Each structure stands twice: as structure tokens, then as C-alpha cells.
A.B. asks: 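Right, I'll just put the structure down here and ask away after.
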There are 2 protein chains.
Amino acid sequence: MGLRERKKEKTRLAILDAALDLFLEQGYESTTVEQIAGAVDISPRTFFRYFTSKDHLVLWFHDHGEETMLETLASRPPDEPPFTALMHALRAVLADVREGTPQEHARFLKLRRILDENPRLIGQSVARGTATERRLAEVVAARRGASADDDQLSHLIVAFAMSTLRVGFECPRRDGDMSEITARMAESIELAERSLRPGWDLA
Amino acid sequence: MGLRERKKEKTRLAILDAALDLFLEQGYESTTVEQIAGAVDISPRTFFRYFTSKDHLVLWFHDHGEETMLETLASRPPDEPPFTALMHALRAVLADVREGTPQEHARFLKLRRILDENPRLIGQSVARGTATERRLAEVVAARRGASADDDQLSHLIVAFAMSTLRVGFECPRRDGDMSEITARMAESIELAERSLRPGWDLA
DNA sequence: TGACATCTGTCACACTGTGACAGGAAGGTT
DNA sequence: AACCTTCCTGTCACAGTGTGACAGATGTCA
């Protein structure tokens with residue numbers, strides 16, 4: 001990894017951290033891109049070369065999560081029931097979060113607080129999730145030997161799995177610490193697994 | 001209902017219809033608010049007094065659906081299992097769509113095509129859904145004699161129900177007619193009911 | 001008809017996001 | 001070290017969304 005890429009990554013994180021702090025100080029809406037750019041001494045135009053939009057800042061983790069899910073899903077044995085495979089993917093995301101550096105934990109907690117204070121952003125986060133769902137549905141449909149276009153069950157399996165993740169992520173109280181949050185997410189996964197009829201995702 | 005309200009409703013629908021047609025002709029992104037306003041001979045400023053944003057146009061039906069769901073849910077017997085009650089609410093939404101006037105059907109079909117061509121808008125639609133989910137979760141939690149803050153299962157029940165609706169709505173092929181779409185939605189509801197373990201929402 | 005609330009258009013504006021272009025920094029090549 | 005190439009950054013200009021303030025038009029009710 002060359003100097004160029006390292007510098008880029010550093011700038012990226014600097015923007016993110018500055019933005020999260022500003023959002024917590026003054027609120028999301030009342031913080032402008034100009035301020036964020038100013039805080040890390042770049043031009044507003046450059047900001048948009050690192051993040052495609054102001055909202056995109058908040059979806060930072062989401063992109064990582066999606067990647068993890070797709071990778072994990074691909075690595076699961078092909079004969080494993082699809083929903084089970086997805087639950088493993090969820091646990092992988094959870095493990096990623098838990099095993100992060102203290103810095104990453106801090107970012108994660110800040111992000112949760114911001115999302116909690118700005119319901120609109122939760123919406124945006126979910127909105128991005130629909131793109132992920134489409135891709136996951138393709139993979140699940142392939143596993144089931146069907147086409148994602150016809151097979152409603154593939155979509156339902158994925159939708160249920162993503163719901164599980166969301167509930168675990170959003171549900172904890174705003175003052176929860178890292179261990180409480182991950183515990184909630186784990187709890188949500190177990191809840192979902194208990195709720196579904198065995199073999200429902202094979203029919 | 002006075003003249004004022006009737007006129008308002010008429011303008012509202014005129015804006016909506018003009019917008020849907022423009023979106024289908026030229027695409028969502030390349031249609032401006034100015035054009036929409038021009039098509040119905042109002043000022044752009046006035047447009048924003050009827051719809052809070054350009055996106056809001058597309059969420060028109062969503063607002064109706066939410067209302068129907070909350071009303072239906074309130075009218076179901078209190079001792080009915082929550083997920084069952086929600087499935088009834090879903091069927092009520094479906095019935096509303098099916099029983100609409102031909103004009104309303106036309107709007108519905110146009111809207112579906114627009115959503116299908118603009119994935120970003122599906123996201124927005126889902127995003128709005130999160131607000132609905134919160135309210136529904138409150139009601140479900142109350143039914144379960146719990147607080148929505150603590151009870152993850154309430155959130156999961158609602159999330160699963162909304163997933164069911166979404167899958168039914170999004171899944172049909174873009175060229176489907178009204179009867180095919182409603183059939184798909186009904187199918188999705190039955191699929192969900194079959195998939196869950198009896199009594200899972202009572203624990 | 002007159003008093004009142006509500007709706008509408010105009011003007012002005014802040015903010016997000018994008019395209020085009022020119023200068024500068026990183027990387028590899030000789 | 002000098003060179004060229006490629007990518008990154010800042011500046012300028014701009015389209016488009018969305019909002020606040022105010023004045024005038026329109027519906028409502030007495």
C-alpha cells in the first residue's frame with residue numbers, strides 16, 4: 001500500500017471523525033459540509049470526492065457490514081439452509097464490530113447516538129440496506145436453485161435476516177455501552193432463530 | 001368538506017398525476033420541481049406546500065397504507081396474537097389497493113414502474129417505513145403488555161410484518177397488471193404465516 | 001358586505017452536489 | 001536526478017432542492 005493510499009485513508013477517517021464530532025455538538029442538520037471541510041482543512045469540493053454525500057458519512061459502517069455479509073455468505077457451505085447461512089453472516093458482522101480497535105468502537109458509539117437523535121438518518125441507513133438486500137437475494141436464490149425474480153421466498157429470507165440485524169442494532173438504549181449493544185444484537189439473532197419454523201427456508 | 005378543501009385535494013392530485021407522468025417520460029432525476037409546477041400552473045413555492053419534497057410524491061401511497069394499518073390494528077381484538085393482527089392489517093392495505101377506483105389503480109401502477117426504475121426511491125420508501133415501524137412497535141408492545149423500549153420481540157414482530165409487505169410489493173415483474181400484483185402480495189402474506197412457528201409472537 | 005383565516009406568488013437565500021479546468025504531488029522510468 | 005504519467009486537490013461556476021418573509025388574492029363565516 002503506497003503513500004498515496006495511506007494518506008487517502010487517513011484523510012477519509014479525519015473527515016469522518018470531524019464530522020461525527022460536529023454532528024454531536026451542533027446536530028446533523030445544522031452542520032454544513034463547509035464546516036466539516038473546514039475542520040479538516042480541505043475544500044468542500046474535495047469532501048465530495050471522499051464521501052458522495054453528507055448522508056454517506058453516516059452509512060460508513062454499513063458499507064463494511066455489507067461487504068462482510070457477502071463474503072461470509074459466500075464462504076458458507078452451499079448445502080447449508082440459506083437462513084442459517086445468513087445468521088452466520090450476521091454473527092460475522094457482529095464479531096467485526098466487537099473486535100474493532102478502541103477508536104473504531106468510539107466511532108461506532110458516536111454513530112449510534114447520531115442515528116438515535118436523527119430518525120431520518122435511520123431511514124437513510126435502511127434505504128441503503130435495500131441495495132444490499134437485492135444482492136443478498138440474488139445469492140440466496142442461487143443457493144436455492146431459483147431465480148431471484150420469481151422466488152419470493154428468497155426475498156423473504158433475506159428481508160427477515162436484515163430485519164433481525166436492524167432490530168438488534170436499533171433497539172438498545174441510547175446510553176448503552178459496547179458490550180450491551182453487542183449483547184442485544186446477539187439476543188436479536190437468537191430470537192429470530194427461535195421464531196422461525198425449522199426448515200421454513202428450504203420449501 | 002368545503003370548497004377550499006376540495007380544491008386543495010384536486011390540486012394535490014393534479015400535481016401528483018402530472019409528476020408521475022413526467023417521471024415516466026423523462027425519468028425521475030431529470031424532472032425538476034419547476035417542470036412539475038409548470039405542468040399544473042402553480043409556482044414552485046406552492047409545490048412545496050402540497051408535498052414537503054420531491055421524494056414525498058412517491059411516498060403518497062405509503063402514507064395511506066400507514067393510516068390503514070394503524071386503524072386496522074386498533075380495531076383487532078386485543079387478545080389476538082400480535083403478528084396475526086398485523087397480517088390482518090396487511091390484508092386491509094391490500095384490500096384498499098384492490099378496491100380503489102380505476103384512476104387510483106392507474107396511479108398505483110405508474111408508481112410501481114417509477115419505483116422499479118429508481119432503486120433509490122425504493123430506499124426512500126423503506127426509509128419512511130421506519131417511522132411507521134416505530135409507531136406500530138409501540139402499539140404491539142402495548143398489546144404484549146411491555147414497553148417498546150425493552151421488548152425486542154415487539155420490534156421483530158413488526159419488522160417481519162413490514163418485510164412481508166415489502167416483498168409482496170416489490171417482487172412482481174415490472175409489467176405485471178393489478179391482479180398479478182395483488183396476487184403476489186397475498187402470496188407473500190401466506191408465505192410469511194407459514195414460515196413462522198405458531199405462537200412465536202406470544203413468548 | 002365586512003372581518004377573518006388560509007392559500008398563493010414573488011423575492012431572496014442557504015445548502016447540497018456536480019462538471020470543467022489548471023496546478024501540484026506521488027509513482028514509476030531512464 | 002530529470003522526466004513523464006497519473007491521480008489528487010482547489011477554484012470557479014452552476015443546477016437544483018428546500019425555506020423564510022411578506023404582500024396580495026381567495027375562500028369562509030358572520
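Quantities reported herein were computed from a predicted structural model and do not represent experimental measurements.
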A.B. asks: Check the side chains of A:His62 and A:Arg128 for a donor-acceptor pair under 3.5 angstrom, ignoring hydrogens and angles.
C.D. replies: no
A.B. asks: Might you work through the ring pair (Phe, Tyr, Trp, His ring centres under 6.0 Å) test for B:Trp60 and B:His64, ending with a clear yes or no?
C.D. replies: CA-CA 7 Å; B:Trp60 173 244; B:His64 282 259; 5.2 Å; yes
A.B. asks: Can you tell me the distance, in whole Å, between the CD1 atom of A:Ile36 and the C1' atom of C:dA14?
C.D. replies: 15 Å
A.B. asks: Determine the contact category for A:Thr11: base if any of its heavy atoms lies under 4.0 Å from a base atom, sugar-phosphate if only primed atoms, P, OP1 or OP2 are that close, otherwise nothing.
C.D. replies: nothing
A.B. asks: Hey, does B:Tyr50 reach any base, or is it just sugar-phosphate, or nothing, if we go heavy atoms under 4.0 Å?
C.D. replies: sugar-phosphate
A.B. asks: Separation of B:Ile15 atom CD1 from C:dG9 atom C1', in whole Å?
C.D. replies: 14 Å
A.B. asks: Got B:Ile36 and B:Phe23 here, is their nearest side-chain heavy-atom distance under 4.5 Å?
C.D. replies: yes
A.B. asks: Round to the nearest Å and state the distance from A:Phe51 atom CZ to C:dT18 atom C1'.
C.D. replies: 18 Å
A.B. asks: Could you say whether A:Arg49 or B:Leu3 is positioned toward the 5' end of DNA chain D, judged by the nucleotide with the nearest heavy atom to each?
C.D. replies: A:Arg49
A.B. asks: Phosphate oxygens OP1/OP2 of C:dG9: is one of them under 4.0 Å from a side-chain N or O of B:Ser43?
C.D. replies: yes
A.B. asks: Could you tell me how far apart A:Phe48 (CZ) and C:dC15 (P) are, to the nearest whole angstrom?
C.D. replies: 12 Å
A.B. asks: Would you say the side-chain atoms of A:Asp55 and A:Ser53 include a donor-acceptor pair closer than 3.5 Å?
C.D. replies: no
A.B. asks: Does B:Phe108 have its ring centroid less than 6.0 Å away from the ring centroid of B:Phe169?
C.D. replies: yes
A.B. asks: Nearest-Å distance, CG (A:Asp55) to P (C:dC15)?
C.D. replies: 16 Å
A.B. asks: Where does the chain A footprint on DNA chain D start and end, counting 5' to 3' with a 4.0 Å heavy-atom cut-off?
C.D. replies: D:dT6 to D:dT11
A.B. asks: Regarding B:Thr164 and B:Ser188, is there a side-chain donor-to-acceptor distance under 3.5 Å anywhere?
C.D. replies: no
A.B. asks: Mapping B:Ile42 and A:Lys7 to their closest nucleotides on DNA chain C, which lands nearer the 5' end?
C.D. replies: B:Ile42
A.B. asks: Roughly how many Å is it from NZ in A:Lys8 to P in C:dA25, rounded to a whole number?
C.D. replies: 18 Å
A.B. asks: Please state how far atom CD in B:Glu9 lies from atom P in C:dC7, giving the value in whole angstrom units.
C.D. replies: 13 Å
A.B. asks: Using a cut-off of 4.0 Å on non-hydrogen atoms, how would the nucleic acid contact of A:Ser30 be classed: base, sugar-phosphate, or nothing?
C.D. replies: nothing
A.B. asks: I need the CD-C1' distance between A:Glu29 and C:dA14, as an integer number of Å.
C.D. replies: 13 Å
A.B. asks: Is there a donor in the side chain of A:Thr46 and an acceptor in the side chain of A:Ser43, or the other way round, less than 3.5 Å apart?
C.D. replies: yes
